[in-house]
2 protein chains.
Amino acid sequence: MMPSPTRNTVAISEPDPSRRNNLALLTSLVHHNGVLSRAQLTKRTGLNRSTVGALIGQLVNLEVVYEAAPSGEAQVGRPSPIVHPRPSIAALAVNPEIDAVTIGLVGLGGKVQKKIRFDTERIPTAKEAVNIAAAVIEGMRSELDASYQVMGVGIAVPGLVNRDDGVVRHAPHLGWRDEPVARMLGEATGYPCHAANDASLGAEGELLFGAGAGQKNLIFLNGGASGIGGGIVADGELLRGTSGYAGELGHTFVRSSGKPCHCGATGCLETEVSQSSLFELAGIGGGDAGDLEQALRRNSSETVDAEVARQLEFLGIALRNAVNIFNPEAIVLDGFLGVLHALSPGKLDSLLRSQAMDGPADQVKTYRAALGSDLMMIGAAELAFAQFLSDPAGALAALPMGKVDYVR
Amino acid sequence: MMPSPTRNTVAISEPDPSRRNNLALLTSLVHHNGVLSRAQLTKRTGLNRSTVGALIGQLVNLEVVYEAAPSGEAQVGRPSPIVHPRPSIAALAVNPEIDAVTIGLVGLGGKVQKKIRFDTERIPTAKEAVNIAAAVIEGMRSELDASYQVMGVGIAVPGLVNRDDGVVRHAPHLGWRDEPVARMLGEATGYPCHAANDASLGAEGELLFGAGAGQKNLIFLNGGASGIGGGIVADGELLRGTSGYAGELGHTFVRSSGKPCHCGATGCLETEVSQSSLFELAGIGGGDAGDLEQALRRNSSETVDAEVARQLEFLGIALRNAVNIFNPEAIVLDGFLGVLHALSPGKLDSLLRSQAMDGPADQVKTYRAALGSDLMMIGAAELAFAQFLSDPAGALAALPMGKVDYVR
DNA sequence: AGTGTTTGTTTCGCTATCCAACATATTATG
DNA sequence: CATAATATGTTGGATAGCGAAACAAACACT
């Protein structure tokens, strides 16, 4: 037998890292900005016209994007074709909560194509949540196989999640501990699965597609039935920390001799500021942030105002800390924290101006989250898109024989 | 007149960004790790043997590094030459404080070559500090010109500094407001000058050369006469924020109805934890952290222990917040905070284990700063090295005719 | 209709990398 | 002490990817 003179490793030819980077750059730009002309892309990337042409050509071949006729906008010079992301490149999103598991399908470009909320009678266990998600995904299977290229599944969990291995370290409100949800759902569905903290993903979602679009430094706070979650984007990158647990702003110290928190400390923001008392004052048993806001505006009273003011006071303390530490451009509030902000507009901003330091607080603005109930889907999908966005060609080539129309 | 057919822009030929990146990568590795063999460099960079060979060759030509005989360590195979940073590539460091201005010269590799402390009778104004620094630098001029390639000057200021334009927004303890120190010193010396917050630079220094070496997520806190400064490194990058004001951990809220702070808020860490009461209890009027520690150990008493415990308690609150938010691997304490930590070893760690959340606090360890009085010099120099490290060849070519031994 | 402007397209050359073969310096082995 | 094994520096050639320039196309303006 003749030994092959030179061993042909893995792929036919790995692309240069430079090419990979540029493809990734273009793909991310199109994904996050939605619609850009080729001329705009050359300006944004700083690459040469001809290079962008070649790169876009490759992305068109890979069916990542398509070019459409120039927009009608009157401009001197030859019109530049518009580059659109193909929503058939998609990611699945899963968000377990205490009363439901929501499954979504999000296309490249960040549009939610499909969202299925599965209400549960009881708080789902990790196993139940995975089973529900797997079943719903199985139901969509034929459609997915026929019309989409699914890049993976992202799971947004309200709790501490180790992003590297997808293990839920502790989700107090779900009662989960050390659950390897990413592996579990991966085995159940066959898709690559990743998990992360819900608020961190929310921060990324609002940064890319919502109230924080175009910014670089953002603090996101979500208030829900299961407490207050936080996510922080610094210099365009989500803060992850050593194990991916970063961002727990809900457990900022805001009160001496405050109540004990389930986290083991006392005086946490989450124990002083919660939506249950607001629901009581509003006179409704439950509902979403919109319901709460309406009810509170209807039942306006001194008691309500006082409670809103009290909660904003504590929120202000946590936020001034965060502003001093991060010097952000934007603070984005979701859930009942967004309601608090909306009920007393300007209050938080004036608290920050008076209490935070001059420099760090200069430029900060407070926003209400813009993506509503789509946020978790978009954020979780971003997690699943991550690998694809960092190497589009490679990720598609590694796809389990989706549509391979070339001879090997 | 004949118009030149093709306009020759700037440099003779700009190198490919890829080459620039690789040169920068190698230079940073050698600078931060000090001594590495060529074989180690190929492994660390992932580049090809021959490529690293060519790159090192260029760096040797540029006199950025030199190769020395292989270390005596017995290894199978051909020995690999050791690559050393040339300390003649240097940066100047300036650190104004309330009672002195310190000027230093730091070589590539992070070794402090020279340090001159200029004591002042009064708190220096910005103008005075700049004059002092300029005069001292002028004194070293001939030596600098003869034996060094100075890449610039870094100024470490205890206060809010806009890193982009080098303007000190507010340095409360120095009494400075809106002082463009970088521009001022730049005009006085002719060197490119940059300024940043002292604690941020301290964080970078300890990360690269001190107690946090090799880590990716680190919180640095320095306690001095002018309060408590903080710097945060997340994912290997110093947190800067929108304007470079990030890191103000000294103004973390730690106490309800606490004393008012000069920053405008109440209950800040800096008002509850300060070194003045410790100096009183120690029975000495002043001195550095070492003096304080010795005196406190000599004068040990219940009163001292109680005060140390009280201060650690508040420090613990600020740190648990920070740990919950950042999920760091290391906390590095300098100045009197390092003394507090050393006097009651394990106290902070146990506070963190009990009060911070399980996940984020898992891996965190508390250290005392390792670089002592060199820290500010090293950190500030790093600021001045930054541009050189990101484009060694370009920075040297742009140097004002240092040693140009080729014909143009 | 002509002119100027902007942008896509094509061709070509250059740069930086990787690969493979060879050379070299050391330890291990008999 | 000689030979083998191993790791690494060195050299020459091949390739990929980008930028520059010249050309072509499509628009607005007059």
Side-chain angles (χ1 to χ4, degrees), chain A residues 3-26 36-60 65 67-83 391 393-394, chain B residues 3-26 36-60 67-83 391-394:
Chain A
S4 61
T6 115
R7 192 166 47 107
N8 240 346
T9 36
V10 267
I12 303 97
S13 71
E14 284 214 7
D16 262 27
S18 140
R19 182 54 164 244
R20 205 179 25 223
N21 271 343
N22 288 339
L23 281 176
L25 180 58
L26 282 178
L36 287 167
S37 74
R38 242 160 91 166
Q40 286 173 304
L41 284 171
T42 63
K43 267 175 204 142
R44 291 280 283 267
T45 58
L47 295 168
N48 192 286
R49 278 215 296 275
S50 52
T51 308
V52 172
L55 289 165
I56 296 285
Q58 185 171 354
L59 289 177
V60 167
V65 303
E67 287 185 301
S71 70
E73 285 164 28
Q75 285 257 8
V76 146
R78 176 172 175 174
S80 193
I82 305 292
V83 181
D391 180 12
Chain B
S4 59
T6 111
R7 191 164 49 106
N8 239 347
T9 34
V10 267
I12 303 97
S13 72
E14 285 214 6
D16 262 28
S18 141
R19 181 54 163 248
R20 204 176 30 221
N21 272 343
N22 288 338
L23 280 177
L25 179 58
L26 281 178
L36 287 167
S37 74
R38 245 160 91 164
Q40 286 173 304
L41 285 171
T42 63
K43 265 173 206 143
R44 291 280 281 268
T45 58
L47 295 168
N48 193 286
R49 275 216 298 276
S50 50
T51 309
V52 172
L55 289 165
I56 296 285
Q58 185 171 353
L59 289 178
V60 168
E67 288 184 302
S71 70
E73 286 164 27
Q75 284 259 6
V76 143
R78 175 173 178 173
S80 193
I82 306 291
V83 181
D391 180 13

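Numbers restart at 1 for each chain; the letters A, B, ... are given by sequence-line order, proteins then strands.
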**OP:** May I ask you to verify if any side-chain N or O of Asn22(A) is less than 4.0 angstrom from the OP1 or OP2 atom of dC18(D)?
**Re:** yes
**OP:** Assign Pro70(B) to base, sugar-phosphate, or nothing according to its heavy-atom contacts below 4.0 angstrom with the strands shown.
**Re:** nothing
Enumerate the protein-to-nucleotides 4-6 of chain D contacts in which both atoms are nitrogen or oxygen and the separation is below 3.5 Å.
residue : atom : partner  : partner atom : Å
dT6(D)  : O2   : Gly77(B) : N            : 3.3

Original post:
Does the side chain of Thr51(A) get closer than 4.0 angstrom to OP1 or OP2 of dG19(D) through an N or O atom?
Top reply: yes
Subject >> Rounded distance (Å) that lies between atom P of dT11(C) and atom CG of Asn48(A) >> reply: 16 Å
Original post:
Checking all strands, does Arg19(B) fall into the base, sugar-phosphate, or nothing category for heavy-atom contacts under 4.0 angstrom?
Top reply: sugar-phosphate
Subject >> Nearest-Å distance for atom pair CG/C1', residues Leu23(B) and dT17(C) >> reply: 13 Å
Subject >> Nearest listed nucleotide, side chain of Lys43(B), among dT8(D), dT7(C), dC18(D) >> reply: dT8(D)
Original post:
Below 4.0 angstrom from OP1 or OP2 of dT8(D), is there any side-chain N or O of Thr42(B)?
Top reply: no
Original post:
Looking for any heavy atom pair under 4.0 Å, which part of the strands does Ser50(B) touch: base, sugar-phosphate only, or nothing?
Top reply: base
Original post:
OP1, OP2 of dG8(C) versus side-chain N and O of Ser80(A): anything below 4.0 Å?
Top reply: yes
Original post:
Does a side-chain N or O from Ser18(B) land closer than 4.0 Å to OP1 or OP2 of dC18(D), or not?
Top reply: no
Original post:
Hey, what do you get for CG (Leu59(A)) to CG (Leu55(A)), rounding to the nearest 0.5 Å?
Top reply: 7.0 Å
Original post:
Taking for each residue the nucleotide of DNA chain D bearing the nearest heavy atom, is the 5' side occupied by Ala39(B) or by Gly46(A)?
Top reply: Ala39(B)
Original post:
Nearest-Å distance, CD (Gln75(B)) to P (dG9(D))?
Top reply: 12 Å
**OP:** Might you point out which heavy atoms bring Ser80(A) and Ala39(A) nearest each other, and give the distance in Å?
**Re:** OG-N, 2.9 Å
Subject >> Nearest-angstrom distance from the residue atom CG of Leu25(B) to P of dT17(C) >> reply: 11 Å
Original post:
Can you list the steps and then say if Val60(A) with Val65(A) is a side chain to side chain contact (heavy atoms under 4.5 Å, CB included)?
Top reply: CA-CA 5 Å; Val60(A) 167; Val65(A) 303; 4.0 Å; yes
**OP:** Taking only the side-chain nitrogens and oxygens of Arg38(B), find out if one of them lies under 4.0 Å from OP1 or OP2 of dT10(D).
**Re:** yes
Subject >> Rounded distance (nearest 0.5 Å) linking atom CD1 of Ile56(A) with atom CD of Glu67(A) >> reply: 6.0 Å
**OP:** Mind calculating the distance between CD (Gln58(B)) and P (dT15(C)) to the nearest angstrom?
**Re:** 13 Å
**OP:** Please state how far atom CG in Asp16(A) lies from atom C1' in dC19(C), giving the value in whole angstrom units.
**Re:** 13 Å
**OP:** Could you pull out all residues at least two apart from Gln75(A) that satisfy side-chain hydrogen bond (donor to acceptor under 3.5 Å, both in side chains)?
**Re:** none
Original post:
What is the distance, rounded to the nearest whole Å, between atom CZ of Arg20(A) and atom P of dT17(C)?
Top reply: 15 Å
Only distances under 3.5 Å count here; give the side-chain donor-acceptor pairs of residues 45-53 of chain A to other protein atoms, sequence neighbours excluded, each with its distance to 0.1 Å.
residue  : atom : partner  : partner atom : Å
Thr45(A) : OG1  : Leu41(A) : O            : 2.8
Thr45(A) : OG1  : Thr42(A) : O            : 3.3
Thr45(A) : OG1  : Leu47(A) : N            : 3.2
Asn48(A) : OD1  : Ser50(A) : N            : 2.9
Asn48(A) : OD1  : Ser50(A) : OG           : 2.8

**OP:** Grab the two heavy atoms, one from Leu23(A) and one from Ala393(A), that are nearest each other, plus how far apart they are.
**Re:** CD1-CB, 4.1 Å
**OP:** Measure from the side chain of Leu47(B), starting at C-beta and using heavy atoms only, and say which of dC18(C), dA21(C), dG17(D) lies closest.
**Re:** dC18(C)
Original post:
Once you round to the nearest 0.5 Å, how far does CZ of Arg44(A) lie from OG of Ser37(A)?
Top reply: 10.5 Å
Original post:
For the pair made of CD1 in Ile56(A) and C1' in dG8(C), what is the distance, rounded to whole Å?
Top reply: 12 Å
